[in-house]
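Right, one structure below, let's go through it.
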Amino acid sequence: METESNIPPPVTSITQIGRHDGEIVTIQGWLYNKRESGKLIFPIFRDGTGVVQGVAPKNQVSPETFETLKNLTDESSVIVTGKVRSDKRAPGGYELDVINVTVVQRVPEDDPYPISGKEHGIDFLMENRHLWVRSPRQCAIMRVRAEIIRSIRNFFDERGFTLTDPPILTPAACEGTSTLFSVDYFDDEAFLTQSGQLYIEATAMALGKVYSFGPTFRAEKSKTRRHLTEFWMVEPEVAYARLDDIMELAENMISHAVQSAMANRRTDLETIGRDVTKLEHIKPPFPRITYDQAVEILHDGHAKGLVEAKFEYCGDFGSPDETYISSQFDKPVMVHRYPAKVKAFYMEPDPQRPDLALCVDVLAPEGYGEIIGGSQRIGDYNQLVQRIREHALPEAAFKWYLDLRKYGGVPHSGFGMGIERAVAWICGLEHVRETIPFARTLTRIYP
RNA sequence: UGGCCGGUAGCCAAGCUGGUAAGGCACGUGACUGUUAAUCACGCUAGCGCAGGUUCGAAUCCUGCCCGGCCAGCCA
């Protein structure tokens with residue numbers, strides 16, 4: 001069957017197909033799946049924006065088209081022309097009466113597409129991640145991630161922040177705590193960054209309000225559902241801001257991201273199976289508790305038998321501790337003023353209680369753990385020198401960082417949010433490895 | 001790095017008090033003009049992570065190693 005004119009039918013995307021009801025359109029995509037019933041074939045096409053079922057009755061399509069469809073294998077790439085028809089039997093509301101199919105590349109039947117609709121273990125799926133990303137759930141997650149990133153960048157751009165990109169290759173450890181990946185840098189040793197924070201403190205002194213958005217690397221040998229060796233962080237840094245200012249910034253940023261995901265990617269969240277009622281109320285203000293209050297919560301939990309180990313004051317929280325604390329709230333909870341000795345060297349001490357740091361961790365609900373760590377930074381040159389010595393850090397490597405306190409130092413604060421943990425929480429995923437197209441973990445660097 | 005669990009066809013998986021490898025999915029062929037995880041029939045595919053040991057005989061027992069998962073520590 002030929003189309004009526006020489007003008008080729010317009011290419012449309014499957015999400016837009018409803019705008020072409022009754023019209024002949026072209027879809028560029030892949031065969032997602034196929035069902036046959038004798039002289040009737042139902043090819044299901046996907047194009048990256050959605051899925052639509054085609055209908056091809058033998059007596060209504062050309063013999064060539066019918067044969068092509070009958071022999072078509074899953075995930076073969078195809079260009080399909082057909083007439084859009086609304087149909088209440090279709091999940092998306094529309095079907096495509098197939099007129100013509102052009103096979104771009106046919107998947108051979110003796111080596112079929114390995115990922116079927118069900119029953120795959122995680123190892124197999126990760127080994128085939130380059131193909132797994134095509135599945136509807138993975139596509140939905142990638143779209144939600146993109147929306148979260150877009151909304152966060154938008155959030156800062158609209159508030160007068162300037163994006164400043166810190167280096168990824170660095171000469172020394174930023175914080176001196178995590179294990180870093182080392183690389184050969186023209187016969188010198190260099191490291192992959194674990195945080196852009198120290199560098200954006202410098203750009204904050206230039207531009208006032210800045211943020212960075214980029215990859216970071218940790219060579220820690222942790223293999224849990226919350227860890228990747230390569231992950232993305234968004235880090236704002238604000239000159240003249242105090243701890244309270246960035247706590248407010250953090251809750252506004254998180255709310256903005258959650259609300260944007262719900263407003264713009266709701267169907268994707270539903271595809272993923274997220275219970276969005278748990279996200280609807282994620283709006284400021286978030287509960288704020290001190291470290292001391294968090295410890296009380298843990299001691300209560302221990303007394304009730306809900307927390308196994310009795311928490312030792314002055315320690316940092318373990319993963320089960322964070323889960324219990326966050327379980328007491330239905331929004332992210334901001335825990336501030338930890339003992340200085342369990343925190344990073346650059347954190348400003350609380351003037352009221354110098355043993356505490358002016359810092360904040362944001363713990364996500366539903367056991368997703370820490371998604372944000374932030375603090376007010378030490379402003380005084382001599383105090384920072386002292387801290388660097390106490391932490392046995394190489395002083396010379398921090399000369400430039402100390403300069404920031406020598407040449408017009410000001411109070412300033414910032415935080416970092418791990419994108420994958422935030423996406424895992426917002427999507428309600430079991431593991432962060434699904435939040436990024438190609439997760440790098442302790443045990444996997446292929447594909 | 002430690003504790004626990006696991007590696008059987010392309011995938012999922014039973015078998016693991018030793019006796020000679022279920023079943024399902026996928027794929028192929030045939031039937032079916034409304035299928036939605038379609039259905040029905042037939043067919044194809046493994047010698048059980050690797051190495052060694054015990055035994056008449058090992059997927060099953062023993063030793064060592066490799067790989068993966070979960071949890072913990074550490075962190076975002």
Side-chain angles (χ1 to χ4, degrees), chain A residues 32-44 51-61 66 70-71 73-75 87-92 95 97 107-128 131-132 175 177-180 194-197 215-235 308-309 315-323 342-344 361-364 367-374 415-425 430-433 435-436 441-444 446:
Chain A
Y32 177 60
N33 204 301
K34 183 180 64 175
R35 274 182 281 275
E36 282 179 81
S37 181
K39 300 184 177 61
L40 185 59
I41 300 174
F42 298 101
I44 302 171
V51 167
V52 67
Q53 175 169 281
V55 185
K58 191 167 189 176
N59 62 7
Q60 285 172 48
V61 299
F66 193 81
K70 195 176 176 185
N71 294 320
T73 42
D74 284 2
E75 286 299 320
D87 192 310
K88 60 178 175 291
R89 290 171 292 193
E95 290 187 336
D97 287 326
V107 175
E109 62 269 286
D110 60 352
D111 190 8
Y113 188 68
I115 298 182
S116 64
K118 56 179 174 178
E119 289 202 316
H120 297 295
I122 192 63
D123 187 49
F124 176 79
L125 290 170
M126 289 304 289
E127 196 68 14
N128 289 281
L131 304 175
W132 188 25
E175 303 184 13
T177 51
S178 308
T179 314
L180 306 186
Q194 57 161 314
S195 164
Q197 181 204 314
T216 52
F217 307 86
R218 305 278 168 95
E220 291 287 348
K221 297 207 185 278
S222 30
K223 36 175 182 178
T224 79
R225 67 173 71 184
R226 282 167 276 102
H227 287 87
L228 299 172
T229 53
E230 174 183 308
F231 65 98
W232 287 65
M233 272 213 293
V234 57
E235 298 180 277
E308 221 168 277
D316 205 347
F317 301 128
S319 183
D321 301 322
E322 288 181 351
T323 300
V342 303
K343 287 293 180 181
D361 280 2
V362 179
L363 308 181
Y368 281 94
E370 182 185 344
I371 54 171
I372 280 181
F415 65 80
M417 183 172 82
I419 296 302
E420 287 74 18
R421 284 190 185 175
V423 174
W425 162 53
E430 283 295 307
H431 200 297
V432 291
R433 68 184 154 218
T435 65
I436 185 165
T441 68
L442 183 61
T443 57
R444 185 174 298 283
Y446 175 92

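Just the heavy atoms: all of them, side chains too, but no hydrogens, waters or symmetry mates, feed the values below. In the text below, chain A, chain B and the rest are named by the order of the sequence lines, each starting its count at 1.
- If you check every strand for non-hydrogen atoms under 4.0 Å, Glu322(A) touches a base.
- Among C75(B), G68(B), G34(B), the nucleotide with an atom closest to any side-chain atom of Arg421(A) is C75(B).
- Residue Ile372(A) is classed as a sugar-phosphate contact, given heavy-atom separations below 4.0 Å to backbone atoms only.
- Using a 4.0 Å heavy-atom cutoff across all strands shown, Asp316(A) reaches sugar-phosphate atoms only and no base atom.
- Once rounded to the nearest 0.5 Å, the distance linking CD of Glu230(A) with CD1 of Ile436(A) reads 6.0 Å.
- Between C27(B) and Thr73(A), no contact under 4.0 Å exists linking OP1 or OP2 to a side-chain N or O.
- Between the side chain of Arg226(A) and the base of C71(B), no donor-acceptor pair of N or O atoms lies under 3.5 Å.
- Residue contacts for Gly318(A): at a heavy-atom cut-off of 4.0 Å it reaches the sugar-phosphate backbone alone, with no base atom in range.
- Side-chain atoms of Glu420(A) do not come within 3.5 Å of backbone N or O of Arg433(A) as any donor-acceptor pair.
- Among C70(B), G68(B), A72(B), the nucleotide with an atom closest to any side-chain atom of Arg225(A) is C70(B).
- Looking at the side chain of Phe124(A), the nearest of the listed nucleotides A76(B), G68(B), G10(B) is G10(B).
- Distances from the side chain of Glu220(A) to the nucleotides G68(B), A76(B), C74(B) place C74(B) closest.
- Among the heavy atoms of the strands lying under 4.0 Å from Gln53(A) is at least one base atom, whether or not backbone atoms are also near.
- In this structure, Glu127(A) reaches neither bases nor backbone, as no heavy-atom distance under 4.0 Å exists between it and the strands shown.
- Side-chain contact check for Thr216(A) versus Gln197(A): every heavy-atom pair is 4.5 Å or farther apart.
- Stacking annotation: Phe231(A) is stacked on the base of A76(B) (ring centroids less than 5.5 angstrom apart, interplanar angle below 30 degrees).
- Note on Thr224(A): a base of the nucleic acid sits closer than 4.0 angstrom, heavy atoms only.
- Nearest to the side-chain atoms of Ile122(A) among the listed nucleotides C74(B), G69(B), C70(B) stands G69(B).
- With hydrogens and angles disregarded, no donor-acceptor distance shorter than 3.5 Å links the side chain of Arg421(A) to the backbone of Tyr368(A).
- The side chain of His120(A) contributes no N or O atom lying less than 4.0 Å from OP1 or OP2 of G10(B).
- The nearest pair of heavy atoms linking Ile371(A) to Ala364(A) is CG2-CB, 3.9 Å.
- If you check A76(B), U33(B), C74(B) against the side chain of Ser222(A), the one that comes closest is C74(B).
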Worked verdict on Phe42(A) versus Val55(A) for side chain to side chain contact (heavy atoms under 4.5 Å, CB included): CA-CA 5 Å; Phe42(A) 298 101; Val55(A) 185; 4.2 Å; yes
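- With hydrogens and angles left out, the side chain of His227(A) and the base of C75(B) share a donor-acceptor pair within 3.5 Å.
- Heavy-atom minimum distance, Asn128(A) versus Pro114(A): OD1-CG, 4.2 Å.
- With hydrogens and angles ignored, no donor-acceptor pair closer than 3.5 Å exists between the side chain of Asn33(A) and the base of U36(B).
- Contact annotation: side chain of Glu36(A) to base of U35(B), donor-acceptor pair absent below 3.5 Å.
- Comparing the P positions of A9(B) and U60(B) gives an interatomic distance of 14 Å, to the nearest angstrom.
- OP1 or OP2 of A72(B) has at least one side-chain nitrogen or oxygen of Ser319(A) nearer than 4.0 Å.
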Report all side-chain donor-acceptor pairs from residues 119-126 of chain A shorter than 3.5 Å, counting only partners two or more places apart or in another chain.
unit_1	atom_1	unit_2	atom_2	d
His120(A)	NE2	Ser116(A)	N	3.0
His120(A)	NE2	Ser116(A)	O	3.3
His120(A)	NE2	Ser116(A)	OG	3.3
His120(A)	NE2	Lys118(A)	O	3.4
Asp123(A)	OD1	Arg444(A)	NH2	2.6

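- Using a 4.0 Å heavy-atom cutoff across all strands shown, Asp110(A) reaches no nucleic acid atom at all.
- Using a 4.5 Å heavy-atom threshold, the side chains of Lys70(A) and Ile41(A) count as touching.
- Among the protein residues, Lys223(A) comes within range of the nucleic acid bases, having at least one heavy atom under 4.0 Å from a base atom.
- Remark: the Glu119(A) side chain and the G24(B) base include a donor-acceptor N/O pair separated by less than 3.5 Å.
- Look at G68(B): its glycosidic torsion is beyond 90° from 0, and that puts it in the anti range.
- RNA chain B forms stems at B:1-7 with B:66-72, B:10-12 with B:23-25, B:27-31 with B:39-43, B:49-53 with B:61-65, each a run of 3 or more consecutive Watson-Crick or G-U wobble pairs whose two key distances fall under 3.5 Å.
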